[in-house]
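Below is one structure; the comments refer to it alone.
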Amino acid sequence: MSASHMENKTKQQYGQSFFEDVWDVVRQIPKGRVTSYGAIANYLGTRMSARMVGWAMNAAHAIGDVPAQRVVNRNGILSGKAHFGSPERMQELLEADGVEIRNDTVVDFKTLFWDPATELGL
DNA sequence: CCTTTGACTCACT
DNA sequence: CAGTGAGCCAAAG
């Protein structure tokens, strides 16, 4: 078959640079650690595009291999908890990783913070 | 096709 | 210290 004919026209699937990079970084987040949208965006070179990281997380659900619960906003707040089926799902997943959550916020977030730009050595 | 919104963040007032 | 506006890029209406 012609590649052009087989070409998928809708829904970006695997192969989108920004999204794929985001997922790759999120997969590398160690258990018990967390990071922020801005940190990932910054690692990718676009610190302003933190919103796109959120969109990537939304698309990440289609993959199922991305621990999106380890990604929170810069305040350590579980801003994406509403997208885990249940508002408490994200917290439980983090607690299962050994991360303590208090009032929808990561306790000692600054210490648990995992910066890809630093940890990955960029 | 144009408008609005969204899992963010920073800067200014 | 809190509220508001702007920047970013893409998807849904």
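Naming: A, B, ... by sequence-line order, numbering from 1 per chain. As a basis for the values below, the full set of heavy atoms in this structure was taken, side chains included, without hydrogen atoms, waters or symmetry mates.
- Sorted by first then second residue, the salt bridge (Lys or Arg N to Asp or Glu O under 4.0 Å) pairs that include residues 74-83 of chain A, not counting sequence neighbours, are Lys81(A)-Asp104(A).
- Around the CD atom of Gln28(A), the shell of radius 6.0 Å holds more than 12 heavy atoms that belong to other residues, nucleotides or ligands.
- The stretch residues 54-72 of chain A participates, sequence neighbours left out, in these salt bridge (Lys or Arg N to Asp or Glu O under 4.0 Å) pairs: Arg70(A)-Asp97(A).
- Per the geometry, CZ belonging to Arg74(A) stands 20 Å off P belonging to dC8(C), to the nearest Å.
- Residue pairs meeting the salt bridge (Lys or Arg N to Asp or Glu O under 4.0 Å) criterion with at least one partner in residues 31-46 of chain A, sequence neighbours excluded, are absent.
- For Asn75(A), there are no side chain to side chain donor-acceptor pair (under 3.5 Å) partners, not counting sequence neighbours.
- Across Ile101(A) and Val107(A), no two heavy atoms sit closer than the pair C-CG2, 4.1 Å.
- Here the shortest heavy-atom pairing between Ala68(A) and Met57(A) reads CB-SD, 3.7 Å.
- Every residue two or more places apart in sequence or in another chain that forms a side chain to side chain donor-acceptor pair (under 3.5 Å) with Thr111(A) is listed here: Asp108(A).
- Taking the side chain of Asn58(A) as heavy atoms from C-beta on, and the options dA10(C), dC10(B), dA7(B), the nearest nucleotide is dA7(B).
- Between atom CD of residue Gln69(A) and atom CD of residue Glu92(A) there is a gap of 11.5 Å, rounded to the nearest 0.5 Å.
- If you check residues 88-96 of chain A against DNA chain B, you find no residue with a heavy atom closer than 4.0 Å.
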Identify all side-chain donor-acceptor contacts of residues 113-122 of chain A below 3.5 Å with residues at least two apart in sequence or on another chain.
unit_1	atom_1	unit_2	atom_2	d
Asp115(A)	OD1	Ala117(A)	N	3.1
Asp115(A)	OD2	Thr118(A)	OG1	3.3

How does each nucleotide of nucleotides 2-7 of chain C score, in 5' to 3' order, for protein heavy atoms under 4.0 Å: base (B), sugar-phosphate only (S), or none (-)? -----B
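- Taking every heavy atom of residues 33-47 of chain A and every atom of DNA chain B, pairs under 4.0 Å involve Ser36(A), Tyr37(A), Gly38(A), Arg47(A), by number.
- Across the protein-nucleic acid pair, Trp55(A) atom CH2 and dA7(B) atom P stand 8 Å apart, rounded to whole Å.
- Minimum heavy-atom separation, Ala50(A) to Tyr37(A): O-CB, 3.9 Å.
- Using P as the reference atom, dG5(C) and dT4(B) are 15 Å apart when rounded to the nearest Å.
- Expressed to the nearest 0.5 Å, how far CG of Asn42(A) lies from OG of Ser49(A) amounts to 10.5 Å.
- To the nearest 0.5 Å, the span separating CZ on Arg89(A) from CZ on Phe84(A) amounts to 8.5 Å.
- Within residues 99-108 of chain A, no residue has a heavy atom under 4.0 Å from DNA chain B.
- When all heavy atoms of Asn73(A) and Phe109(A) are compared, the closest pair comes out as O-CZ, 3.9 Å.
- Applying the side chain to side chain donor-acceptor pair (under 3.5 Å) rule to Thr105(A) yields no partners; only residues at least two apart in sequence or on another chain are considered.
- To the nearest 0.5 angstrom, Leu78(A) atom CG is 10.5 Å from Asn103(A) atom CG.
- Shown for residues 76-83 of chain A: residues whose heavy atoms fall under 4.0 angstrom of DNA chain B, namely Ser79(A), Gly80(A), His83(A).
- The CZ-C1' distance, from Phe18(A) to dC9(C), rounds to 8 Å in whole Å.
- Distance CZ (Phe19(A)) to C1' (dC9(C)): 8 Å, rounded to an integer number of Å.
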